[in-house]
Structures are given as structure tokens and as C-alpha cells.
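One structure is given here, and the rest of the page talks about it.
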Amino acid sequence: MSWAQAILLARGASRGWGGICSTALTGAPFSQVPPQAPRGLRCSAAAHNPDSSLVPHPPEPPRRPVKALAVHEELFRPALDGARNKANFVRAVQNFTEYNVHKRGHVDFIYLALRKMREYGVERDLSVYNLLLDIFPKEVFRPRNIFHSIFLHYPRQQECGIAVLEQMENHGVMPNKETEFLLLQIFGRKSYPMLKLVRMKLWFTRFKNINPFPVPRDLPQDPVDLASLALRHMEPDLSARVTTYQMPLLKDSPDAMDPTETHIVGIQSPEQQSALARHDPARPIFVEGPFSLWLRDKCVYYHILRADLLPPEEREVEEIPEEWNIYYPMQLDLAYGRSSWDDYEFNIDEVEEGPVFAICVAGAHDQATLAKWIQGLQETNPALARIPVVFRLSGSSGELLPSSSELEEPPPPPPEGQEEDDSQQRQQQGQS
Amino acid sequence: MSGCGLFLCSVAARFCRAPAAFTVIRRPLLTSPPSRAFAKELFLGKIRKKEAFPFPEVSRDELNEINQFLGPVEKFFTEEVDSRKIDQEGKIPDETLEKLKSLGLFGMQVPEEYGGLGLSNTMYARLAEVIGLDASIAVTLAAHQSIGLKGIILAGSKEQKARYLPRLASGEHVAAFCLTEPASGSDAASIRTRATLSADKSHYVLNGSKVWVTNGGLANVFTVFAKTEVVDSDGSVKDKITAFIVERDFGGVTNGKAEDKMGIRGSNTCEVHFENTRVPVENVLGEVGGGFKVAVNILNSGRFSMGSVVAGMLKKLIEMTAEYACTRKQFNRNLSEFGLIQEKFALMAQKAYVIESMAYLTAAMLDAPGFPDCSIEAAMVKVFSSEGAWTCVSEALQILGGLGYMRDYPYERLLRDSRILLIFEGTNEILRMYIALTGLQHAGRILTARVKELKRGNVTTIMETVGQRLRDSLGRTVDLGLTGKLGVVHPSLADGAHKLEENVYYFGRSVETLLLRFGKTIVEEQLVLKRVANVLINLYGMTAVLSRASRSIRLGLRAHDHEVLLANIFCSEAYHQNLFILSQLDKHSPENLDDMVKKVSQQILEKRAYICTHPLDRTS
């Protein structure tokens, strides 16, 4: 009988109450119920709790038999000596399937592997996810009748399957046909992982290009390149020119810590340039910052050169010269304007801001560095020499990275606990 | 039109539509001089029959005279001018130019007292038909006299005329018009060329450079526009444009090498530089600081001749392609037997007929005594004829198939040559703005007066307005008196005339609505203005063909039945086009796609690229 076979196959692996269900429904003796049944029930309850994240934590690790975890950790241990790469990760997975013919403890192993993926740098590799799903025994957890599909059949296994898909989702990995086929084989059409897959397939395609300002997936490592990318990202005018006012010293050189020798990259559009040229020299302009800009998992700090908004009585009304267009009149001599029918101006309270003349990204946020930027700007904006510049720098950036030298370093791989924050952040920044 | 539009109309009506008597009383009080403006009245939904009907004629003597003169010119152009060679070598041979000068073609519109031919506009148009057979020569001559020396005729003093016109008329000197600069197309404020008055106030020192000067390499006399400092009435110093007559002999005048162009390759176009050129104060054209008006007048007066040039070219084109269509055999049948080919000939004939009618009607209006302001009409002729030329030449190429694409045949040259017509003398887009805005300004002035009257609470005005709107919405038949007992249009064209009347009437209504909707901000609504101009051009074309065909029937001219056919075809087509455009002008009509169009272009221009993903792209 198939149900009996299924239970036999899954015995080593399953700790869920699927067993209970199947046995209860088919009237099998209760002796087959695994001793961990209560925990399984609790686990499934946890799975329905939306607050709990499935990805990093296997449910209730403290109560897990320590031994089983240690065994799986062992599989990844040899790789620690060598390089942590895809080949070693795949080898570890293969070792598990090879030595564990009955796939005992495969759910634990998959949770462990999911956590290890980042270390091995395979968290965006679809084939690895498929490999993980392939660990599940096939045909065992498929619901066989309508009651199976109504009640959560093998909840622990299904949760584990969902956890794999969820991690894929967090890393923006789109499942393919193979994933679908595996899930079909493992859990069947009417299962929660399958539902998750269908939803992913629906929404991923729609959300993939939802960000109108896409950020490349792999950000440049060079701070100058990263700075110009960030500046281009902020500046809407395509005619704007990025200028590198100062290149950073090489990392190896002993002066690398000297904050005055960091990179200074700025951007300015022709319109900003002409606005600056028109600026009244009696009014000071301000260098403000640092403000933060997140590009995926990297934070860039920028400064702006701006002026205060002119008081309304001093603004020049742009008037149309009388003899301007040789070919047709630029204004009509009529006493009335647009009727309310065609007045598309909604009643919106708009906060007007002063003009921004330029933006820069520098390695250091002190006045000395920024003064160099202003000096560099003067070459293309001679008017700047006559305008007083006030530095309004907020003492510390108040952000995550307090010391300027650390900015140069690529951020260390975030600790596991931070992963959740990261993923939220990514969602805020928008996926590309 | 949608119900909403109707409602809008009736709202609009509350503010306008004074009794006719009121308008008559008010008009003399307006500042603009009483002008015979046919097109401007169309904006008010009225047809001034006297201007366009009956179709103008020239006297028998004049006709004989011009025909006598036309003979040798036509002979010269068909036998001696080698357009292909001119195009390939990019230069008009000297002997051809000499012959043109000896024929007097360099002084066609120069008054006889200054040694020119002193032709009227109508006669000039007739001659231009022949000259148009070679585009390079036509452009060279037009640059010389339509704009180059026109300034001297229009704004020059007696001394200036006596000094320059005789030599220009004989062709001893060639004239050129220098307005465009690298940074200044139609934007007069960005002209950089500057003329500074010398210390002894005897001359100006001119500095700057002009681009795309036709005849720049040949010319000895330039009409140059430059900024000068002018002391205003309130004592402030302002930069204003002044026109100068500059001789090459004044020194410091150099020109770049001739530009390599797509078409009209035989004409000479180059940059002209002025470096410390000393221009005597006597050579200021018009007033100091009055150069803007001079430029506007020259440009406005130069446009109408394009109509007859194009008409001449099209007539020749029809001959050539008909010859081919009637001899080329496919499937044992001549090309001329295929419907799709026949259709093209009908189109070409129709365009040629309309362009011809418009051109000569406008020329006659310009010839009327009292210096009438026909700049809208001239601009309409230019727009319609240039676009007609482009479509017809393209259709002709289609008739010829692969043959038309070959350099051995003249058709590709005609195509290249005709492309410039849409661009120079003001691009068609700019001229559409001019047509629409000038007319709207006129209508707006009168409308303002009506609004005042309505606000004063004139009961009769209000009652009349309401009554009229009610009748409109119940579907009234429009009768502006073109047909009927005292009608000016022949009964066989009554159908077309009714269509014209209906279009004119509802055009007037639309203009009122637009003015009430947008007021002076209509300047920014370019898509709306384009449509207004398109309707007006159609209306003018309809008037011209109806008038001309009526005359032909009454006089019993040869093939007048053919003319009736062409007139009816055009009137029907234009009528339906107008209906469509008028419905697009309605704010909420489904035909009005302006918002979408604007959005698409904004998105594209923001990214400066075509932004759709490739059809083969996938997301997964």
C-alpha cells in the first residue's frame, strides 16, 4: 500500500504530524507515531505565524537533538579548509545524499545548507536551490487524497520547501521549470510550496522591473566608480557631467588613512551651471551633508551645494521680450487667461526648495575635503569665486560607519542576524 | 462632438456673440488698420466673399505681355538648363547665370524705374512656375529677390533704392539675406552679430558670423541683421536689432566654403563672416532698432511664390509620370490601367489644382490696392504647397517603382529638392503657429469686446447668444450666402460650397470655445494650434478651388468639368478632415489623444531613447 510505503520511506526524515494524519485517516496503529509528535504540531503552528521568518532559523533549534545538527555541520567542515565556493557546496550536498541513502535528517540538512549558502557565495544560484530541493525524497510527501490536501500534509517538509523558496525570493532568484518539476515530484500540485512557486512566478515577473531607477546587480568595487554611479543615479539630467576632482591614493600607500587624499567625485548639469552663474553673489550658498544613499547593500554619502530660496519679492519674473520670435507671436494680447475648465493645477501644497547647484561624493566628510571640491567647481563655474560658501556639515554622519577609513573597506559579510534587516532594506531600495 | 463639448459651447456662448451691428460699430475703433483679411475673418466663422469671389483675373493686355515674356524663358529652361548637371556639379554654370540675368530674371519685382521688370505678384507667380522647373535656380533667384533685396524695396530709402536696385535688378550684383546664426534660428534675442557705432557716428562696425546664407558666396550685397545699442524713450540702453545693407567691398566680409546639401545642390549656401566691417550709417535699412520689423516683413512677403513654383513643378511631374504609366506594360496591360496607379494621378492633379488656385488667389489679394496684409494667406500657401510637393513627388516615385530610385532619372533629384520646401522660409511647424496665433489674436480682440458687452448685461446680446446656441445644438443648416440666388458659387459646386460653409461656421464656434478655454495661454497649446492651422488651410484651399472652378464654369474654359471634379474631390476630403480635426479640438472627445501623445514623448525624452523592451526579452 502506498501510504505504508510512504511512511516507511519518510520515517527517518519526517517528524511532522503528517504521519499522524495519514495513519489516523487510514486507521493504522498509533505505534507508528513518532515520539516527537507534539513538537511537530507546535512547529506547524509556528509556520502559520506571519511574524516568524522561515529562512534563517530552523524552528526551535534548542530542542533539536544536538547530535543531528553536528553531523550535518561536519559535512560542511572540510570545506572550511579549502575555498568556500560552489564546487565545495555541491560536494557537501552530494556527500549528504551519498552517505545518507535514507535521507535521514534531510530537513535539518536543508535548513543548514540554506544558512551556509551566503558563506559559499551561492545564494543567487538557481541550480544550487534546485540541488537542495532534489534532496527531498520524491513522491513521499505528495497528498494522495482530498483530505491530505485539505490538511497540511507533512508540514515540516512543506515548511522546509517553502523556506527554500523564500530564500530564493529574498535573493531575487526566479524558479525555473526544473524547480517546478521537482516540487511537483516532491509535494505534488496541491501543496503549499507549489502555491508559493506559482505566486513567485506570477509576481516576480511583475516586480522585476518595477523600479524605474534600476541599480546594477553587481556594484563596482572601486569607490570612484561607485561614486559616479551614485551621482548618475541621483541626477535626472542626462546632460550632466561627472567630474573626478581627486583620485584616491592607492590602498597600499601609507597615506591611505589621510582623509585629505580620498576621492572627490562631483556632478553638475549645464542647467545647474547656468543657474549658478546667475546666482546673486550677495547671497551665500551652502555645502550641506553628508546625506546617505543606499545602493543595494552599499551606502554612499553625498554632499550638495545649494542656495536658499529667493524671497518671492526678489524673484525675477521671466518676461517675454517684445521682439523675440521672428516667425510668430510668443504671446497673445488678450485680457483673459485659462478658464477653470482647463486649469489642471490641483490644489497641492508644494514646498518649494532652493536650487541645488551640484552634488558630490567624497571619501571624507570634513571641510578640507569639501573645500577642494568647491575649488574644482570654480574651474567650470567662475562665478563661484565671488559667492561666499558656507559649510553646514552635520558633525558626524550619524550613520552606520563612523570612521572615514572604514568607508574604503568593502563591508564585511553581515552577520546572520542582520540578514533579515538586509532583506527589508533591499525591498525598500527596490529590486532591479 | 460630445455632449460635454456642447455644454462647454453653450457656456462659451454666454460670453460672446454680440449682434453683428455691434461688431461693425466697434471695428473702426480698433487700433489695427482696416485690412482686407480673408483668413482672419474665417476665425470668426465668416466668409468675406468679396475677397475671394469671383476668382481674380488679369487683363487681356497683361496676359499677352506675360505670355510674350514667358516664351523665351520657358524655352531657355526646357532646352538650355541642364538640371542634372547642376545637381551633380553643385554649381549653376556661369553662362546659365548670365542668360538668366540677360532675361531680366534677377529683377522681376524691382520697380521699372529702377531697371527691373516691375512685375505684379500675379505675374511674378506666373513666371515662378517656369523658374521652378529647376529648383537650384529657383532658390538662387528667390534668395536674391524674395528676401535678399526685398528689404531695400520694402524699407529702403529713395537713395538706397537708387543706389542698389539698378545693379541688383540687372544681376550685376547678387543679394543675400543674412539672419540665421549658429545660436539663433527663429530666436531673434540670441543674435550675436553686433554693430557698434563708431566714435564719429559716421559708420557702424559690424562683427559676427551668419550661417546658411543662400548666395553667400556669390552675393555682393547683403541684408544683415545685427544687434545695436538703442537708447529707449525712457533713457535706458537696450539691445535691438537693426538691418543693414552691407556691400562686400566694405571690407572684412568673408565666406566659408559652400555647404554640401541634400537637395538644391546647385544653389550656393555658405557661412558669411563679418570682421570689423565698416558700414556707413546711410546703409541702415529702415530705422535703427527697427530691424525686427524689417525681417518679419521681408519673410512674410517672400512666401507666397512657393505655391506657383510647386504648381509648375507638379504639372511637369504629372506629364513625365503619365508618359511612363501609359507606356510601361505589365501583365499585358499598361500601368495606367491599374486603379492604384490611377489614384496617384488623381491625387497629384488635385494637389496641383489646389496649390495653383491658392497661389493665384493669394497673389491677386496681394496685388489689390492698399497694401493688404495677406501674410496668413501666404503662409498657408507655403505650408500647403510644400507638403503637397513632398507627397506628390513621393507618389510619383512610387509610380515609377525602382526606376524612380535611380540617379539616371530626375525623380530622386526632385524628391531631394522638394524636401527643403518644408524647412526653409520658416519651417511648416513654425508657420502653423504663425497662422493659428495671428488669426486667434484677431478673433480674440473681437471676442474681448463681446465679453465686455455681455458683462455689461446687454439683454439682447445675451438673448441672441442663447438663442443661437440653441439653434446650433438642434442642428441648423448653415448658410453663409455662397450659393442660392445671389450666390457666388456655381450651382454645380453647391455641395462643396455647403460643406465649406458648414466648416467655416463650426470653425468659428470652435475658435470661440478655444479662446474661452485657454485665453492667452493658448500660445502653449501647440497641438491645438496645429489643428487650428490645418483647418484654416483646408478652408482656404476649399475657398480657392470653389472660386476658381466657378469662374471656369461661367467662362466656359476648356475642361472645366475636370476642374469641377477636382474641386468636389478636394472639398469632400477637406470637409471630412476638418470635421475630424474639429472633433479633436473638443476637450473630451475620443479622437483627442493629446494627453497620451504628450506622455509618451515626455517619457521618451526623459530617457532620450526608445524605452520599450525588445519583443524577445523575458523577465524569467
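Just so it is clear: chains get the letters A, B, ... in the order the sequence lines come, proteins before strands, and each one is counted from 1. Side chains included, hydrogens not; waters and symmetry mates left out as well; all remaining heavy atoms used.
Proximity to chain A (any heavy atom under 4.5 Å) is shown, for B/Ile191, by neither the backbone nor the side chain. With a 4.5 angstrom heavy-atom cutoff, B/Glu525 touches chain A only via side-chain atoms. Looking at B/Glu524, neither its backbone nor its side chain comes within 4.5 Å of chain A, counting heavy atoms on both sides. Heavy-atom distances place the side chain of B/Arg303, and not its backbone, under 4.5 Å from chain A. Within the 4.5 angstrom heavy-atom criterion, only side-chain atoms of B/Ile522, from C-beta onward, approach chain A.
With rounding to the nearest 0.5 angstrom, the CE atom of A/Met330 is 7.5 Å from the CG atom of B/Asp187. Of the inter-residue distances, the one linking B/Glu429 atom CD with A/Tyr327 atom OH reads 13.0 Å to the nearest 0.5 angstrom. Residue B/Arg445 holds its CZ atom at 9.5 Å from CG of A/Leu332, rounded to the nearest 0.5 Å.
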- Task: Take A/Tyr328 and B/Thr438 through the side-chain contact (heavy atoms from CB on, under 4.5 Å) test and state the conclusion after the steps.
- Result: CA-CA 8 Å; A/Tyr328 63 91; B/Thr438 315; 6.0 Å; no
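Looking only at side-chain heavy atoms (C-beta outward), A/Pro212 and B/Lys607 stay at 4.5 Å or farther from each other. Using a 4.5 Å heavy-atom threshold, the side chains of B/Gln441 and A/Leu334 count as touching.
Of the listed residues (A/Asn325, A/Asn176, A/Leu238, A/Asp237), the greatest number of heavy-atom pairs within a distance under 4.5 Å of chain B belongs to A/Leu238.
For A/Arg199, the CZ atom counts as loosely surrounded, since its 6.0 Å shell holds 12 or fewer non-hydrogen atoms of other residues, nucleotides or ligands. The environment of CD in A/Glu271 is sparse: at most 12 heavy-atom neighbours from other residues, nucleotides or ligands sit within 6.0 Å.
When B/Leu299, B/Ile298, B/Ile430, B/Ile241 are each tested for a side-chain contact (heavy atoms from CB on, under 4.5 Å) with A/Ile326, only one passes: B/Leu299.
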